[in-house]
There are 4 protein chains.
Amino acid sequence: MGEAAAGERRQRTDKQRNRTHILEVAEQFFTEQGITGSLDAIAKRAGVGPGTLYRHFPNREALLAALLQARDEELEARRVAIQREVTDSRAALTQWLQAMGEWVSAFDGLPDPLRAALTEGTSPLALTCQGFVTTTEDFLRAAQRDGYANPGVRGRDLFLSTLATAWARGAAMADESSPDALVSLMRTGWETPASDEGPSAP
Amino acid sequence: MGEAAAGERRQRTDKQRNRTHILEVAEQFFTEQGITGSLDAIAKRAGVGPGTLYRHFPNREALLAALLQARDEELEARRVAIQREVTDSRAALTQWLQAMGEWVSAFDGLPDPLRAALTEGTSPLALTCQGFVTTTEDFLRAAQRDGYANPGVRGRDLFLSTLATAWARGAAMADESSPDALVSLMRTGWETPASDEGPSAP
Amino acid sequence: MGEAAAGERRQRTDKQRNRTHILEVAEQFFTEQGITGSLDAIAKRAGVGPGTLYRHFPNREALLAALLQARDEELEARRVAIQREVTDSRAALTQWLQAMGEWVSAFDGLPDPLRAALTEGTSPLALTCQGFVTTTEDFLRAAQRDGYANPGVRGRDLFLSTLATAWARGAAMADESSPDALVSLMRTGWETPASDEGPSAP
Amino acid sequence: MGEAAAGERRQRTDKQRNRTHILEVAEQFFTEQGITGSLDAIAKRAGVGPGTLYRHFPNREALLAALLQARDEELEARRVAIQREVTDSRAALTQWLQAMGEWVSAFDGLPDPLRAALTEGTSPLALTCQGFVTTTEDFLRAAQRDGYANPGVRGRDLFLSTLATAWARGAAMADESSPDALVSLMRTGWETPASDEGPSAP
DNA sequence: GATGAATGAGGCTTCATTCAT
DNA sequence: CATGAATGAAGCCTCATTCAT
């Protein structure tokens, strides 16, 4: 218990540095093994006791949230860039969806807790999700206003669809073309645009 | 064949009965608790030892595969009915996608192993998946031939998309409109059909 | 997980023998360390995996109950002997209380779960407790009928008091005379019998 | 002493204030949750670091001892009142025992460390216990001198018995009559006063 | 073929205690 | 002196899988 080898005790490093280090390790770990890997293993790899990990991040979701927050800034920057540089609201929405799609594909298994957070609200990830939905709504609204996007579509649906697409991409998608196919499906659907008359020759 | 010893036949009968019973129990169990519950619990509920379960189905996927195969007949019947009764290839594809969507939503969590089976091929579920893809291709080909479906779309993509939609539906989707929204998204996409000219203001 | 070193796998011994062995080990362990020792440690000492211990005894109380059941027979024999051989109902009650007192002092800390079981009823120990109360009531009733025991006293109180006395005895009672003192206190109280007149000088 | 630096005095004052606050919080905490709760939780609730708690009270027993010492004054007052106002030594002893019984029931689980302290002597609670024993001896001696209490009884036994009774009362004693029953048992015992002859009708 | 006992790694979590700052 | 991050042993429990009977 308390009588741990005192000599071996890791010097108290700067808390922030430690936290950062854990995050780095977790990032790598999740990248390799997906987000369901053991937290203890992360602690071990980071060279800290499980209690330390627990102190910083009381559960997997909290760790995940912290991890994603760091990446958030990147995405935020991308969002700003799109809004600033892409004047075409259709292209803007497309690019935003792609950026978001990449983001939620960061780790294998990530879409699952995000989906859960979307509906449960109690998760630390809920805020992140909400932000995504809101931003998507912004882009979508512009596209709809310009007649580029179907009026019935909601931002939330697009986010969920993006999650689903990322989920489908999964860990190892042997078929490289599928990811794009799904994105494209989400964009144009499988149905040919309804022209006034029926198909050419039934 | 016919002259098999009575004892052997009796055994076979028992074994078959056992297998069937396990499947029934598993079906109920998975329906209630999702597909990630403990196999031991299923064995216990079925009144057999875990070894027996294991003998029939060496792992969770095998059990799942057998379970789905049993349900297959229902879906197969639906497929036949669609092909026989629905002459419009677009409606046929739509109905098939819906049927498939319901099917892969049978148990909470089912889309995950199905996706895995789609890419790994070694899974006992792979065959099932392949059957879906093939059937989807059939319907899709007809719709494409009639000009109802975009030519670039592949059966595999539609199946994967159906899986993704089922995944998004998930266990508890508070927002009831989302499932339909996703299906519709998959069908028509978010983008407005490209008319000849661009939107009012590019 | 499942890929445990197969060669080292302990041969499946007779289940009963194994169970008995665990009980023996637990008995010794609890005797040494009190009943709050780690169950994992018991498993380890018994040379079985924690799962095995858990299979036989799903929790500490169950293990305890099994352990006590074995001792129960001994106590039961003692009860029968007292009832058969001790004609004096006062002596009989006294002896029974002593026997019970020894029984509940079997392990350090045992009185705690027994007390809990007495009030909660859901514990596997509840039955045991109830049996004690009932038997105590039998002896007590006889003593009361013969005018040896105060009418207001209830069997349940005597059992609880016996528990409390055992608790007080605790692990290490340096003062050897205290246990007896408490028993005697429970028997005669601290107050001098109320004679007709008050004391000599108030 | 008087010429101590102002800074030092300020520190001392702060420290004292801190200590007092911790005690208040601990009192409430133990009252709510029993004495086995986590010390960290107390520190947190008190708004100090665990190190601070530890500095003031090197372990749970020390904290408890300090806590009880604070409550001691109340009991002490009660003792004085009894000694001053209750002239009947029997009533005095009774009242003291009751006061003490209430005192040791202050927190759920308190009797355990007190018992330990009684036998181990090294505990910070030992002094408190010793005080109780001594006071009990005083009251008891008077009662014995007046012929109200049995000569063989010792103060220590009465204290231990009081502890045991408090333990039996425990957290949730469904049966409301038991506590009183035990107290009364301790007072008069279960046995009818030994008259010269045997019982009325054997 | 059926059984179900056994396995045991490994997940999560808690918390008394230390000690750098 | 106060702080609170860090420690890490240790507890509990689960469950896929094996294999003697």
Side-chain angles (χ1 to χ4, degrees), chain A residues 1-6 8-19 36-41 43-44 47-56 58-60, chain B residues 7-8 10-12 14-15 18-19 36-41 43-44 47-56 58-60, chain C residues 1-6 8-19 22 36-41 43-44 47-56 58-60, chain D residues 7-8 10-12 14-15 18-19 36-44 47-56 58-60:
Chain A
M1 295 178 177
E3 59 244 45
E8 303 294 358
R9 178 166 292 235
R10 176 170 304 270
Q11 299 310 313
R12 175 182 189 168
T13 55
D14 184 65
K15 178 193 175 185
Q16 200 52 45
R17 198 187 297 287
N18 216 335
R19 193 187 134 102
T36 52
S38 137
L39 296 188
D40 271 37
K44 191 166 292 176
V48 302
T52 302
L53 175 59
Y54 197 76
R55 157 173 277 273
H56 284 290
N59 51 50
R60 176 177 266 107
Chain B
E8 182 179 302
R10 139 85 30 111
Q11 278 205 335
R12 289 200 124 178
D14 281 7
K15 183 180 177 184
N18 229 331
R19 193 187 134 98
T36 51
S38 115
L39 296 187
D40 270 43
K44 191 165 292 174
V48 302
T52 304
L53 176 59
Y54 197 75
R55 163 166 286 278
H56 284 292
N59 51 48
R60 175 178 262 105
Chain C
M1 294 183 174
E3 58 244 47
E8 303 294 358
R9 178 167 290 237
R10 178 170 303 268
Q11 299 310 312
R12 174 181 189 171
T13 57
D14 183 65
K15 176 192 176 186
Q16 200 53 45
R17 198 185 297 287
N18 216 333
R19 191 187 136 101
I22 291 176
T36 51
S38 136
L39 296 189
D40 273 36
K44 191 166 292 177
V48 301
T52 303
L53 176 59
Y54 197 77
R55 158 173 277 272
H56 284 291
N59 51 50
R60 188 184 302 275
Chain D
E8 182 177 303
R10 139 83 33 111
Q11 278 207 333
R12 288 201 126 177
D14 280 5
K15 182 179 177 183
N18 229 331
R19 191 186 136 101
T36 51
S38 115
L39 296 188
D40 270 43
I42 293 174
K44 190 165 294 177
V48 303
T52 305
L53 176 59
Y54 196 75
R55 163 166 287 278
H56 284 292
N59 51 47
R60 175 177 263 106

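Lettering of chains follows the sequences in order, A, B, ..., and the numbering in each one begins at 1. Scope of the values below: all heavy atoms of this structure, side chains included, with no hydrogens, waters or symmetry mates.
As a whole-Å value, the separation of D/R19 CZ from F/dA2 P is 12 Å. As rounded to whole Å, 12 Å separates atom C1' of F/dT14 from atom NZ of B/K44. Between the CZ atom of A/R17 and the P atom of E/dA20 there is a distance of 17 Å, rounded to whole Å. Look at CG on C/L53: it is 10 Å from P on F/dC13, rounded to the nearest Å. In this structure, D/I42 atom CD1 and E/dT17 atom C1' are separated by 15 Å, rounded to whole Å.
Contact record, A/R60 with A/T36: NH2-O, 3.2 Å, taken as the closest heavy-atom pair. C/A43 and C/P50 get closest at one heavy-atom pair: CB-CA, 3.9 Å. Residues A/N59 and A/L39 share a closest heavy-atom pair of C-CD1, 4.4 Å. Residues D/L53 and D/V48 come closest through the heavy atom pair N-CG2, 4.4 Å.
Among residues two or more places apart in sequence or in another chain, the side chain to side chain contact (heavy atoms under 4.5 Å, CB included) test is passed with A/S38 by A/D40, A/A41. Taking C/R19 as the reference, C/Q16, C/L23, C/H56, C/F57, C/A66 meet the side chain to side chain contact (heavy atoms under 4.5 Å, CB included) condition, with sequence neighbours excluded.
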- Query: Dot-bracket for DNA chain F, 5' to 3', counting Watson-Crick or G-U wobble pairs under 3.5 Å, with [ ] for crossing pairs and | for inter-strand pairs?
  - Reply: .||||||||||||||||||||
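Contact annotation: A/H56 side-chain N/O to F/dA6 OP1/OP2 distance is under 4.0 Å. D/N18 has no side-chain polar atom (N or O) that falls below the 4.0 Å cut-off from OP1 or OP2 of F/dC1.
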Check nucleotides 13-15 of chain E against the protein and report each pair of N or O atoms closer than 3.5 Å, with its distance, or say if there are none.
unit_1 : atom_1 : unit_2 : atom_2 : d
E/dT14 : OP2    : A/Y54  : OH     : 2.8

